[in-house]
Amino acid sequence: MINVTIWNEDSIETSAESVLAVYPEGLNGAIRDFLKVNDDMNVRTANLEEDECGLPDEILNSTDVLIWWGHGKHQRVPDELVKKIHNRVLCGMGMIFLHSAHFSKPFISLMGTTCSLKWREGDRERIWTILPYHPIAKGIPEHFELESEEMYGERFDIPAPDEQIFLGWFAGGEVFRSGNVWNRGLGKVFYFQPGHETNGSFHNEYVQRIITNGVRYVAPVEIVEKIECPHFESLEK
């Protein structure tokens with residue numbers, strides 16, 4: 001059984017009428033609903049407004065895969081929690097970052113770069129599968145389209161992915177590395193670009209399948225208690 005925790009800000013950006021018109025149960029609820037039908041997943045949600053940001057040690061340390069969505073309140077996430085998340089990934093926890101979580105403190109910490117990009121208002125997007133035999137691409141066609149999604153474009157300031165699976169193209173001509181995997185210590189990190197709060201991307205069957213496949217791909221075989229680094233202090237979960 002894969003223990004999945006879905007985290008987001010649960011702020012005005014994800015609870016406004018314009019958002020609830022698209023996601024009546026909120027973003028967390030939408031992702032939870034399509035993941036919980038899988039018999040191999042135990043799914044729970046957490047958000048910024050809960051005690052300890054919804055991720056006290058007992059929750060974080062029992063999470064196999066952490067899914068992260070954030071937008072306007074990245075700086076409210078405590079640095080101590082970011083360190084715990086980073087170290088748990090190094091110890092084997094899988095992590096999935098969605099859409100504007102590219103600017104989240106945990107993602108920037110794990111990437112070691114600014115993670116900046118170009119963006120503008122929504123446009124039609126075509127997502128190309130450029131690594132078709134990758135497990136995250138299982139059941140995904142050569143390409144599929146999202147009628148409207150916030151445009152993210154290059155240059156995306158990230159380290160070269162260990163695996164680039166999807167490439168996004170927008171009707172305005174921009175392209176974007178929209179689905180990437182990095183190995184960090186014993187853990188895997190998957191970033192997937194669709195998911196603006198007023199678009200319906202999380203209702204798309206292929207987006208749902210990619211996230212579901214992603215959970216299984218980054219799920220750990222084992223999470224160790226700590227990693228001994230000869231040049232640094234021990235990294236404990």
Side-chain angles (χ1 to χ4, degrees), residues 6-35 45 47-48 67-76 96-108 111 113-130 136-137 139-158 161 164-180 190-214:
I6 307 164
W7 189 95
N8 79 7
E9 294 173 354
D10 204 29
S11 64
I12 186 62
E13 288 130 339
T14 60
S15 61
E17 289 185 9
S18 59
V19 177
L20 295 176
V22 181
Y23 299 110
E25 300 295 323
L27 294 174
N28 267 3
I31 299 169
R32 176 199 61 213
D33 287 349
F34 70 74
L35 287 180
T45 62
N47 67 68
L48 181 67
I67 298 176
W68 195 278
W69 191 101
H71 186 194
K73 297 188 176 182
H74 300 305
Q75 295 307 312
R76 283 188 53 192
I96 297 176
F97 293 93
L98 299 174
H99 193 58
S100 48
H102 73 93
F103 260 159
S104 68
K105 290 165 77 171
F107 188 68
I108 290 173
M111 295 296 105
T113 56
T114 70
C115 302
S116 61
L117 47 76
K118 292 182 179 179
W119 70 275
R120 60 178 171 79
E121 295 299 321
D123 201 346
R124 177 171 58 89
E125 180 180 10
R126 178 174 294 171
I127 295 179
W128 289 89
T129 305
I130 61 173
I136 294 180
I140 305 302
E142 181 182 57
H143 63 80
F144 65 95
E145 297 200 4
L146 300 174
E147 183 178 343
S148 182
E149 182 53 78
E150 187 174 42
M151 193 289 293
Y152 279 8
E154 297 291 342
R155 181 178 178 257
F156 188 15
D157 184 22
I158 51 174
Q164 185 183 342
I165 307 162
F166 302 106
L167 179 70
W169 170 89
F170 289 85
E174 300 93 345
V175 295
F176 189 72
R177 288 168 287 172
S178 58
N180 312 289
F190 176 45
Y191 172 79
F192 189 47
Q193 162 258 316
H196 185 62
E197 67 271 15
T198 56
N199 299 128
S201 298
F202 292 137
H203 297 310
N204 181 279
E205 64 173 309
Y206 297 125
V207 170
Q208 293 182 3
R209 188 172 299 175
I210 287 167
I211 295 172
T212 302
N213 290 345

Roughly how far, to the nearest 0.5 Å, is [atom2] of [Y] from [atom1] of [X]?
X	Y	atom1	atom2	value
Asn28	Asp10	CG	CG	6.5 Å
Glu197	Ser100	CD	OG	6.5 Å
His102	Leu117	NE2	CG	4.0 Å
Trp68	Asn8	CH2	CG	10.0 Å
Leu167	Asn180	CG	CG	9.5 Å

Can you list everything that forms a ring pair (Phe, Tyr, Trp, His ring centres under 6.0 Å) with Tyr206? Sequence neighbours excluded, please. Phe144
Do [X] and [Y] make a side-chain contact, defined as non-hydrogen atoms from C-beta onward lying under 4.5 Å apart?
X	Y	result
Ile127	Ile140	no
His203	Tyr23	yes
Phe34	Arg32	no

Within a 6.0 Å radius of atom CD on Glu145, are there more than 12 heavy atoms belonging to other residues, nucleotides or ligands? yes
For the CD atom on Glu154, are there more than 12 heavy atoms of other groups (residues, nucleotides or ligands in this structure) within a distance under 6.0 Å? yes
How are the rings of Trp128 and His143 set to each other: parallel, tilted or perpendicular (split at 30° and 60°)? tilted
Result for side-chain hydrogen bond (donor to acceptor under 3.5 Å, both in side chains) between His99 and one of His71, Gln193, Glu150 points to Glu150
Check Phe107, Trp69, Tyr191, Phe192 against Phe97 for a ring-ring contact (aromatic ring centres under 6.0 Å, His included) and give me the one that passes. Phe107
Between Thr114 and Asp157, is there a side-chain donor-acceptor contact under 3.5 Å, judged purely by atom types and distance? yes
Give me the atom names and distance for the closest heavy-atom approach of [X] to [Y].
X	Y	answer
Pro161	Arg177	CD-NH1, 4.3 Å
Ala137	Ile165	CB-CG2, 4.0 Å
Val207	Ser201	CB-O, 3.3 Å
Thr198	Val19	CG2-CG2, 4.1 Å

Check each of Ile67, Leu48, Thr45 against Trp7 using the side chain to side chain contact (heavy atoms under 4.5 Å, CB included) test, and report the only one that passes. Leu48
